[in-house]
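Note sheet for the following structure.
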Amino acid sequence: MYGTNPAANGPAADYRQRITAQQAAEIAVARVPGQIIHVDMELDDHLLKYEVYVLTDQGVVYEVEIASRDGRVLSVERED
């Protein structure tokens, strides 16, 4: 059958990326206005996520974690 992949519906399906790094960056700056300084991807507890680092106009860096599957903001933390 064309277009079907039984493995795509199993546990491995949760690792597939759904949004791009660019989309993750746009989501991050919508939450924390500033300049993107770095975007990284990490697998944490079976969740593939983006870590987007944003530098604000006040010189503060924030890490915004975004789920790659659906673009949910998982956390926003100020970096020291």
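Values below: every heavy atom of this structure, side chains too, minus hydrogens, waters and symmetry copies.
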| said: Test of understanding: with side-chain hydrogen bond (donor to acceptor under 3.5 Å, both in side chains), list the residues that count as partners of Glu42, not counting sequence neighbours. | reply: none

| request: Spell out, yes or no, whether Val64 and Val61 are grouped together once hydrophobic residues are joined by side-chain heavy atoms under 4.5 Å, including indirect joins. | output: no

| said: Count I, L, V, M, F, W, Y as connected when their side-chain heavy atoms are under 4.5 Å apart, and connections chain through other members. Are Val52 and Val73 then in the same cluster? | reply: yes

| said: Once rounded to the nearest 0.5 Å, what's the spacing between atom CZ of Arg72 and atom CG of Leu47? | reply: 6.5 Å

| Which pair of heavy atoms, one from Val39 and one from Ala25, lies closest together, and at what distance? | CG2-CB, 4.5 Å

| request: Check the hydrophobic clustering (I, L, V, M, F, W, Y; side-chain heavy atoms under 4.5 Å; chains of links allowed) and say if Ile66 and Ile37 are grouped together. | output: no

| remark: Rounding to 0.5 Å, atoms CD1 (Ile27) and CD1 (Ile19) come to a distance of 4.0 Å

| request: Mind jotting down which residue pairs meet the salt bridge (Lys or Arg N to Asp or Glu O under 4.0 Å) criterion with at least one end in residues 24-41? Sequence neighbours excluded, please. | output: none

| Listed partners of Glu65 passing side-chain hydrogen bond (donor to acceptor under 3.5 Å, both in side chains), at least two apart | Lys49, Ser75

| request: List for me each residue that meets side-chain hydrogen bond (donor to acceptor under 3.5 Å, both in side chains) alongside Asp57, sequence neighbours excluded, and say none if there are none. | output: none

| task | For residues Val54 and Val32, report the shortest heavy-atom separation together with the two atoms involved. | result | CG1-O, 3.3 Å

| For Ser68, does its backbone N or O pair with a side-chain atom of Tyr50 as donor and acceptor, under 3.5 Å? | no

| query | Say you draw a straight line from CD of Glu63 to CD of Glu77; how long is it, rounded to the nearest 0.5 Å? | reply | 5.5 Å

| Set of side-chain hydrogen bond (donor to acceptor under 3.5 Å, both in side chains) partners for Asp45, sequence neighbours left out | none

| hydrophobic_cluster_shared for Tyr53 and Leu74, side chain cutoff 4.5 Å | no

| Are Met41 and Leu48 side-chain neighbours, meaning at least one heavy-atom pair lies under 4.5 Å? | yes

